[in-house]
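Residue numbering restarts at 1 for every chain, and letters A, B, ... go by the order of the sequence lines.
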2 protein chains.
Amino acid sequence: MTNPETRLRPPTVCQEHGAENEFVRGLLGRIGDKWSLMIIGALHEGPLRFSALQHMIGGISQRMLTLNLRQLERDGLITRTVYAEVPPRVEYELTDLGHGLLVPALAMVNWAADNAGRIRKYREVYDAEQAADG
Amino acid sequence: MTNPETRLRPPTVCQEHGAENEFVRGLLGRIGDKWSLMIIGALHEGPLRFSALQHMIGGISQRMLTLNLRQLERDGLITRTVYAEVPPRVEYELTDLGHGLLVPALAMVNWAADNAGRIRKYREVYDAEQAADG
DNA sequence: CTGTATCCAAACGGATACTG
DNA sequence: CAGTATCCGTTTGGATACAG
């Protein structure tokens with residue numbers, strides 16, 4: 001068994017139990033998910049309805065959008081409001097908690113967008129080296 | 001002048017160039033991965049060897065650590081240095097590019113750690129409501 | 001329009017055994 | 001020590017059909 005004392009500690013937090021760290025890791029996997037980040041980012045300017053989200057994100061299936069929205073709602077990051085209209089309208093909006101995540105999330109999205117070209121180059125070099133001699 | 005805080009970029013979520021956006025999304029999935037974030041975070045103070053990383057992160061299998069390190073190396077985020085010693089020593093270190101990612105990455109890790117308790121509560125409430133009436 | 005349900009293929013990821 | 005290779009169950013995610 002690994003020694004809990006030497007495990008990674010996020011700077012601002014001192015975890016007392018390994019289980020707590022596992023929860024945080026699971027949380028990271030959830031909010032760090034590409035779809036979650038895109039959804040959070042898409043909602044930064046205000047509420048959007050289901051179809052608008054799907055169209056704006058582009059490339060996400062109906063199923064995945066639904067699943068991700070449910071997760072984000074469960075985690076208290078977004079709210080889901082159903083308007084009794086015909087045709088039905090459902091709007092998703094960031095909560096205060098979701099707004100807090102918006103800052104780091106957009107930082108990630110922007111970083112990815114800013115460095116996409118550079119990373120593509122790195123991959124090409126790496127792959128070329130692998131093909132050359134391994 | 002332009003406010004850095006409001007340097008939000010609609011084009012990121014509006015897919016005008018599908019291929020480029022898909023690359024960025026894939027990139028987000030990669031660097032947003034829980035293991036990648038943990039690894040980046042673990043390396044923030046300096047180089048670490050394989051076993052130190054595995055021990056520090058805690059809960060990651062040898063296989064997953066290897067795979068993630070290879071990907072991060074391929075993306076130019078970390079370097080892998082092999083020292084010809086007995087026993088062999090391999091050290092991983094952030095590149096400048098990796099250091100740039102460190103800021104958003106740590107923001108994500110810290111946010112997750114800071115809000116873990118709150119989110120746990122939200123989940124309990126949500127699950128209770130689901131169990132109650134669905 | 002906004003989902004839910006089902007099928008199915010691909011990717012993820014742990015456990016284990018083995019290598020230089 | 002730092003991997004690689006393999007097996008194999010679990011999870012992800014698209015496609016499709018159907019429902020409120």
Side-chain angles (χ1 to χ4, degrees), chain A residues 1-3 6 18 22 25-39 42-43 47-74 78-93 126 130 133-134, chain B residues 15 18 21-22 25-39 42-43 47-74 78-93 126 130 133-134:
Chain A
M1 231 5 166
T2 48
N3 183 354
T6 58
E22 188 178 338
R25 238 185 292 117
L27 198 54
L28 274 179
R30 186 107 297 297
I31 62 181
D33 180 83
K34 64 177 175 183
W35 295 132
S36 296
L37 287 177
M38 295 297 286
I39 291 172
L43 291 175
L48 289 174
R49 53 197 300 180
F50 188 87
S51 56
L53 266 174
Q54 185 170 24
H55 185 246
M56 186 173 288
I57 293 177
I60 188 172
S61 65
Q62 195 175 38
R63 172 187 149 88
M64 289 317 296
L65 182 54
T66 300
L67 289 178
N68 275 280
L69 286 172
R70 290 289 174 279
Q71 285 292 338
L72 292 175
E73 185 192 2
R74 177 172 180 251
I78 64 175
T79 56
R80 177 176 179 270
T81 308
V82 183
Y83 297 89
E85 299 174 359
V86 177
R89 184 170 110 244
V90 179
E91 285 194 344
Y92 295 91
E93 187 172 14
Y126 184 93
Q130 293 301 309
D133 45 33
Chain B
Q15 76 299 358
N21 239 338
E22 188 178 339
R25 261 206 317 275
L27 198 53
L28 274 179
R30 184 107 296 300
I31 63 181
D33 181 83
K34 64 177 174 183
W35 295 132
S36 297
L37 287 177
M38 295 297 284
I39 292 171
L43 291 175
L48 289 173
R49 52 199 300 181
F50 188 88
S51 56
L53 265 174
Q54 184 171 24
H55 190 239
M56 186 174 289
I57 292 176
I60 189 172
S61 65
Q62 195 175 37
R63 173 187 148 89
M64 290 317 295
L65 182 54
T66 299
L67 290 178
N68 275 280
L69 286 172
R70 290 291 174 277
Q71 285 293 336
L72 293 175
E73 185 192 2
R74 178 172 180 250
I78 64 175
T79 56
R80 177 175 179 270
T81 309
V82 182
Y83 296 90
E85 300 174 359
V86 177
R89 184 169 109 245
V90 180
E91 285 194 343
Y92 295 90
E93 187 172 15
Y126 184 92
Q130 292 302 309
D133 44 34

Would you list the atom pairs, donor with acceptor, under 3.5 Å between side chains in residues 27-37 of chain B and any protein atom, with sequence neighbours excluded?
| residue | atom | partner | partner atom | Å |
| --- | --- | --- | --- | --- |
| B:Asp33 | OD2 | B:Trp35 | N | 2.9 |
| B:Asp33 | OD2 | B:Ser36 | N | 3.2 |
| B:Ser36 | OG | B:Arg30 | O | 3.1 |
| B:Ser36 | OG | B:Asn68 | OD1 | 3.4 |

Which side-chain N or O atoms in residues 57-64 of chain A pair as donor and acceptor under 3.5 Å with protein atoms at least two apart or in another chain?
| residue | atom | partner | partner atom | Å |
| --- | --- | --- | --- | --- |
| A:Ser61 | OG | A:Met64 | N | 3.3 |

dist A:Thr66:OG1 -> A:Arg70:CZ (nearest 0.5 Å) comes out at 6.0 Å

About how many Å separate CD1 of B:Ile78 and CD of B:Gln71, when rounded to the nearest 0.5 Å?
10.5 Å

Looking across every strand, which nucleic acid part, if any, lies under 4.0 Å from B:Tyr83 by heavy atom: base, sugar-phosphate, or nothing?
nothing

Just how far, in rounded Å, is P of C:dG3 from CD of A:Glu85?
14 Å

Expressed as a whole number of angstroms, how long is the span from A:Phe50:CZ to D:dA19:P?
18 Å

Please report the distance, rounded to the nearest Å, between CG in B:Leu53 and C1' in D:dG3.
14 Å

Atom CD of A:Gln54 and atom P of C:dC1: how far apart are they, to the nearest Å?
10 Å

Straight-line distance of A:Leu48 CG to A:Gln54 CD, nearest 0.5 Å
12.5 Å

Which pairs pass side-chain hydrogen bond (donor to acceptor under 3.5 Å, both in side chains) with one or both residues in residues 80-89 of chain A, sequence neighbours excluded?
A:Arg80-A:Tyr92, A:Glu85-A:Arg89

Is there a side-chain contact between B:Arg49 and B:Val90 (heavy atoms, below 4.5 Å)?
no

Salt bridge (charged side-chain N to carboxylate O under 4.0 Å, His left out) with A:Arg74: which residues, sequence neighbours excluded?
B:Asp127

Please report the end-to-end axis angle for the helix from C:dC1-D:dG20 to C:dG20-D:dC1, five pairs per end, rounded to 10 degrees.
50°

Using whole Å, report how far CD of B:Gln71 lies from C1' of C:dC12.
13 Å

Could you tell me how far apart B:Leu48 (CG) and D:dA2 (P) are, to the nearest whole angstrom?
11 Å

Can you tell me how far CD1 of A:Ile39 sits from CG of A:Leu69, rounded to the nearest 0.5 angstrom?
4.5 Å

From CD of A:Glu91 across to P of C:dC1 the rounded distance in Å is 14 Å

Are OP1 or OP2 of C:dT2 and a side-chain N or O of A:Ser51 less than 4.0 angstrom apart?
yes

Along nucleotides 14-20 of chain C, 5' to 3', which nucleotides get a B, which get an S, and which get a -, given that the test is a protein heavy-atom distance under 4.0 Å?
BB----B

Measure from CG on B:Leu67 to P on D:dT6 and round the result to the nearest Å.
14 Å

Taking 4.0 Å as the cut-off, does a side-chain nitrogen or oxygen of B:Tyr92 come that near to OP1 or OP2 on D:dC1?
no

Of the options C:dG3, D:dA2, C:dG13, whose atoms approach the side-chain atoms of A:Arg80 most closely?
C:dG3

